[in-house]
2 protein chains.
Amino acid sequence: MTKHRNRLLAALPAADLNLLEAYLQPIQLEKRRVLEAPNRTIDYVYFPETMIASVVAVCGREERIEIGLIGCEGMTGMPVLMDDQRTPHSTYVQVEGEALRVESEAFRKLLAQSPSLHNRLLRFGQVFTAQIAQTALANGRAKLEQRLARWILMAHDRTVADVVTMTHEFLAVMLGVRRASVTVALDGFEKKGVIEARRGSITVVDRKAIERMAGHFYGVPEAEFKRLIA
Amino acid sequence: MTKHRNRLLAALPAADLNLLEAYLQPIQLEKRRVLEAPNRTIDYVYFPETMIASVVAVCGREERIEIGLIGCEGMTGMPVLMDDQRTPHSTYVQVEGEALRVESEAFRKLLAQSPSLHNRLLRFGQVFTAQIAQTALANGRAKLEQRLARWILMAHDRTVADVVTMTHEFLAVMLGVRRASVTVALDGFEKKGVIEARRGSITVVDRKAIERMAGHFYGVPEAEFKRLIA
DNA sequence: CTGTCTCCGTACGTTTCCGTACTGAGAAAG
DNA sequence: CTTTCTCAGTACGGAAACGTACGGAGACAG
């Protein structure tokens, strides 16, 4: 047994990890790769290592917004834990990198075989639900600056370096705002010296300051993670 | 075995329902009663019959917003299904009425005893997650009129009559907007003849029209419910 | 029946963000 | 090296919703 880079796996009891490890396949995932398409069967469950995935709610062709971010702290494929095999949402790779994946049929059988494993992973479901709820709260009550700060912090939590590779355009889609609004807001961040913006990337310079900007719109799911997993 | 008014219970396989029924206590719940307080142990799981509960995300003392509505189609206490006993959110009675409840420790044991029951209820978790996600989407991208239409439809789905007892003030808190904005919007609804507004209540007159106003911000979790439960 | 309280209608100036769109700068392709 | 393409910065008028606040109308208690 290796010490896993995925924190959810790293926190599993030895017995459950052993059970799962036989089925884990390492895979490199490129940006924009679709991991789950709306209302299609979920083929694999992914445990990100350096990769980061976005979960996006879509309706019609127009309206879309990110509801959650999954990186080395968690897993994709929540519906498989919920006795289901599909989701109305879309999940794709936001930051390329490595992950471990399990064929979801096999995964399903493992869950049935080990209630302990199932429960352990359901706890992450609880964390992720808190994240979606926090997104709903931020979308409804926060200013763009706060929401952007929150997003940068969440991405930062899931990267090894302090650099997040992301265009304003993409970020705008995630937050459900205009591309130009993101540009203006990020410009403000840079002038305050809390980030460095390059073409297609953002570097975190002063994390504490960003946390202050996000206020209490950041932190609830993170606290849940500490409480339930780590 | 009675045919239950709670649709989630009504859809349970006979064996699981029998198991559960021994523990179900009927209870009448008054408006504003707190069912789950943030970060406190959840004592009971509620299956609403005529009652409707709101799940609200809070942070600090100021910022709060409704993330979900639970009525006769579901249950409260999702964290108990997720191997947890608390939640950062707040759950309280929005529309008074009857419910069945189970002591959560007993409930926990039943889930361990019957994986089939557990899975069945987890499916509702999947539906509820879709509802939170849809709320996040609506909060980020919809106009107030659409969000209000969505809320009325969701409340209407969970009431027997066409009347929802609710002040503008309360509705404003739920949607995270000004009380005055709600008044103006509801006024518009009434002038279009889709609702009738009385002091402290809203009566649905033309549901189809309200559905058109909500557009695709309404319907995704409802479809999930049909697919997974009914 | 009168006073009090809750709830609703309305108003006005202000903030935030939108829609649209033009321009320049950096990166990639020929 | 030049063309092409993607990405970022900036601008301007407009819509949506905000904060605040005043007054009236229905409900309820004394």
Side-chain angles (χ1 to χ4, degrees), chain A residues 30-32 61-66 94-95 136-152 163-192 195-203 213-215 217, chain B residues 31-32 61-66 94-95 137-152 163-192 195-203 213-215 217:
Chain A
E30 72 284 11
K31 192 152 191 157
R32 306 197 189 189
R61 291 285 157 269
E62 292 300 298
E63 312 295 5
R64 54 173 51 213
I65 205 162
E66 182 182 82
Q94 191 64 262
V95 175
L137 175 63
N139 289 356
R141 312 263 319 151
K143 302 271 176 262
L144 176 55
E145 184 182 83
Q146 299 173 299
R147 293 214 279 142
L148 190 53
R150 172 172 180 261
W151 197 94
I152 292 173
V163 185
V164 184
T165 307
M166 180 69 43
T167 66
H168 297 185
E169 181 68 49
F170 233 85
L171 209 36
V173 173
M174 294 300 97
L175 297 173
V177 299
R178 275 185 328 154
R179 194 270 314 159
S181 300
V182 172
T183 300
V184 171
L186 280 179
D187 226 50
F189 280 42
E190 192 163 27
K191 273 165 191 148
K192 280 177 193 151
I195 61 162
E196 263 180 33
R198 292 274 167 290
R199 190 185 164 83
S201 81
I202 297 167
T203 306
M213 293 169 82
F217 290 106
Chain B
K31 192 154 190 156
R32 305 198 190 189
R61 290 284 155 267
E62 291 299 299
E63 312 293 5
R64 52 173 52 213
I65 204 162
E66 183 183 83
Q94 191 64 262
V95 175
L137 175 62
N139 290 356
R141 312 262 322 150
K143 303 271 174 257
L144 177 54
E145 184 181 83
Q146 300 174 299
R147 294 213 279 146
L148 190 53
R150 171 171 180 261
W151 197 94
I152 293 172
V163 186
V164 184
T165 306
M166 180 69 40
T167 66
H168 297 187
E169 181 67 49
F170 232 88
L171 209 36
V173 174
M174 294 300 97
L175 298 174
V177 298
R178 277 184 326 155
R179 195 270 313 159
S181 299
V182 171
T183 301
V184 171
L186 280 178
D187 227 50
F189 279 42
E190 192 163 29
K191 272 167 190 144
K192 281 179 192 151
I195 62 161
E196 264 180 31
R198 292 274 166 288
R199 192 186 163 82
S201 81
I202 297 166
T203 307
M213 292 168 81
F217 290 106

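Predicted model only: the values in this text are computed from it and were never measured. The chains referred to below are lettered A, B, ... by the order of the sequence lines, with proteins before strands, and numbering in each begins at 1.
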| Across the strands shown, which category fits A:Ala197 at heavy-atom distances under 4.0 angstrom: base, sugar-phosphate, nothing? | nothing

| request: Could you check which residues of residues 140-151 of chain A get a heavy atom under 4.0 Å from DNA chain C? Sort them by number, please. | output: A:Lys143, A:Leu144

| request: May I ask you to decide if B:Asn139's main-chain N or O and A:Asn139's side chain share a donor-acceptor pair within less than 3.5 Å? | output: no

| field | Nucleotide D:dA16, atom P - distance to CG of B:Asn139 in whole Å | value | 18 Å

| query | Rounding to a whole Å, what distance do you find between B:Arg178:CZ and C:dC8:C1'? | reply | 13 Å

| remark: Walking DNA chain D from its 5' end, the first of A:Arg199 and A:Lys191 to be reached, judged by nearest nucleotide, is A:Arg199

| Any side-chain heavy atom of B:Trp151 within less than 4.5 Å of one from B:Val164? | yes

| Are OP1 or OP2 of C:dT16 and a side-chain N or O of A:Ser181 less than 4.0 angstrom apart? | no

| Donor/acceptor link under 3.5 angstrom from A:Arg198 side chain onto base of C:dG26 | no

| query | For the residue pair A:Val182 and A:Leu144, what are the closest heavy atoms and their distance? | reply | N-CD2, 4.5 Å

| Considering heavy-atom distances to DNA chain D, does A:Thr183 or B:Val177 have its closest nucleotide positioned more toward the 5' end? | A:Thr183

| request: Select one nucleotide: of D:dC7, D:dT20, D:dA11, the one nearest the side-chain heavy atoms of A:Thr167. | output: D:dC7

| Separation of atom CG in A:Leu171 from atom C1' in C:dC17, rounded to whole Å | 16 Å

| Does B:His168 put a side-chain nitrogen or oxygen below 4.0 Å from OP1 or OP2 of C:dC7? | no

| field | Interatomic distance where CD1 belongs to A:Ile65 and C1' belongs to C:dC18 [whole Å] | value | 14 Å

| remark: Atom CD of A:Glu190 and atom C1' of D:dC7 are separated, to the nearest Å, by 14 Å

| Within-4.5 Å side-chain heavy-atom neighbours: B:Met213 and B:Lys143 | no

| query | Between B:Glu169 (CD) and C:dC8 (P), how many Å, whole number? | reply | 9 Å

| query | Within the modelled atom types, does a donor on one side and an acceptor on the other bring the side chain of B:Arg179 and the base of C:dG9 under 3.5 Å apart? | reply | yes

| query | Is a donor on one side and an acceptor on the other found under 3.5 Å between the side chain of A:Arg147 and the backbone of A:Leu175? | reply | yes

| query | Under a 4.0 Å N-O cut-off, is there an ion pair linking A:Arg198 with A:Glu196? | reply | yes

| field | Donor-acceptor under 3.5 Å (B:Arg141 side chain, A:Ile65 main chain) | value | no

| What is the distance from CD of A:Glu63 to P of C:dC18, rounded to the nearest Å? | 12 Å

